[in-house]
> 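Have a look at this one.
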Amino acid sequence: MIKTFRHKGLQAFFEGGSKAGIKAAHASKLQRQLIRLDLSKSAKDMDVPGWRLHKLSGDLADHWSIWVSGNWRMTFTFDGEDAILVDYQDYH
């Protein structure tokens with residue numbers, strides 16, 4: 001279950017469907033990814049073909065990343081079986 005977000009626009013989209021804080025073209029894919037993340041009990045549950053799940057390093061060593069589109073990624077980590085610090089960002 002998703003417990004916390006870093007990105008307020010992504011949180012508003014997940015909780016109420018508002019696209020104001022995200023790229024509208026990403027809405028459909030983000031919706032699928034967020035639903036899957038909310039049901040996931042570990043990062044490995046997000047290993048879907050085409051989403052390019054990978055573990056991050058450096059300051060975000062405990063975080064995971066999946067591909068949304070172009071340079072856009074959704075990142076998260078897990079606290080037990082709960083997803084936390086869910087973020088949506090342009091990496092480049």
> With side chain to side chain contact (heavy atoms under 4.5 Å, CB included) as the criterion, how do T75 and L60 come out once you've worked through the C-alpha distance, each side chain's angles and the decisive distance to 0.1 Å?
CA-CA 9 Å; T75 62; L60 297 174; 5.6 Å; no

> At what distance, to the nearest 0.5 angstrom, does CD1 of I84 lie from CZ of F78?
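Reported to 0.5 Å precision, the distance equals 9.5 Å.
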
> Determine whether more than 12 heavy atoms belonging to other residues, nucleotides or ligands lie under 6.0 Å from atom NZ of K29.
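Yes - once you tally the heavy atoms of other residues, nucleotides and ligands closer than 6.0 Å, there are more than 12.
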
> Specify whether Y88 and H26 have parallel, tilted or perpendicular ring planes, treating 30° as the upper limit for parallel and 60° as the lower limit for perpendicular.
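Correct class here is perpendicular.
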
> First locate atom CE of M74, then atom CG of L30, and finally report the distance between them rounded to the nearest 0.5 Å.
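If I round to the nearest 0.5 Å, the distance is 6.5 Å.
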
> Roughly how far apart are K23 NZ and D90 CG, rounded to 0.5 Å?
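With rounding to 0.5 Å, NZ (K23) is 8.0 Å from CG (D90).
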
> Taking the side chain from R52 and the backbone from P49, do they hold a donor-acceptor pair closer than 3.5 Å?
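Checking the backbone N and O of P49 against the side chain of R52, no donor-acceptor pair under 3.5 Å is found.
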
> Quick one: does any side-chain atom of Q31 pair with a main-chain N or O of G17 as donor and acceptor, under 3.5 Å?
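Looks like no, no N/O pair under 3.5 Å.
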
> Give the cluster check for I35 versus F76: same hydrophobic cluster or not, with ILVMFWY residues linked at side-chain heavy-atom distances below 4.5 Å.
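No; tracing contacts between hydrophobic side chains, which count when under 4.5 Å, never links both residues.
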
> From L53 CG over to D45 CG, what is the distance, rounded to the nearest 0.5 angstrom?
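Spacing of CG (L53) from CG (D45) equals 10.0 Å.
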
> Check W67 against G50 and note the closest heavy-atom contact, atom names and distance.
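For W67 and G50, the tightest heavy-atom pair comes out as CE3-O, 3.3 Å.
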
> Please round to the nearest 0.5 Å and tell me the distance separating atom CD of Q33 and atom OG of S28.
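Between Q33 CD and S28 OG, I get 10.0 Å after rounding to 0.5 Å.
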
> In Å, rounded to the nearest 0.5 Å, how long is the span from CD1 of I66 to CE of M46?
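So the gap between those two atoms works out to 3.5 Å.
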
> Counting only heavy atoms not in D59, do more than 12 sit closer than 6.0 Å to its CG atom?
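Counting other residues, nucleotides and ligands, CG of D59 stays at 12 neighbours or fewer.
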
> May I ask you to test the D38-F14 pair for a side-chain heavy-atom distance under 4.5 Å?
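SC-SC contact between D38 and F14 confirmed.
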
> Quick one: does any side-chain atom of S18 pair with a main-chain N or O of A12 as donor and acceptor, under 3.5 Å?
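No; zero donor-acceptor contacts below 3.5 Å.
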
> At their closest point, which heavy atom of R36 faces which heavy atom of S40, and how far apart are they?
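Answer, listing the atom of R36 first, then S40: O-OG, 2.7 Å.
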
> Please name the pair of heavy atoms, one in A27 and one in K19, separated by the smallest distance, quoted to 0.1 Å.
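Closest pair (atom of A27, atom of K19, distance): CB-CE, 3.8 Å.
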
> Answer yes or no: does atom NZ of K55 have more than 12 heavy-atom neighbours from other residues, nucleotides or ligands under 6.0 Å?
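For K55, atom NZ is crowded (more than 12 foreign heavy atoms under 6.0 Å).
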
> How close do L34 and I2 get, counting heavy atoms only, and between which atoms?
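In terms of heavy atoms, the two residues are closest at O-CD1, 3.7 Å.
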
> Does V86 belong to the same Ile/Leu/Val/Met/Phe/Trp/Tyr cluster as V48, with side-chain heavy atoms less than 4.5 Å apart forming each link?
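Linked, V86 and V48 end up in one cluster.
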
> Taking all non-hydrogen atoms of both residues, which atom of R73 and which atom of V68 are closest, and how far apart?
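Heavy atoms only, the tightest pair is C-CG2, 3.9 Å.
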
> Ignoring hydrogens, what is the shortest heavy-atom contact between T4 and L85? Give both atom names and the distance.
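Heavy atoms of T4 and L85 come nearest at OG1-N, 2.8 Å.
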
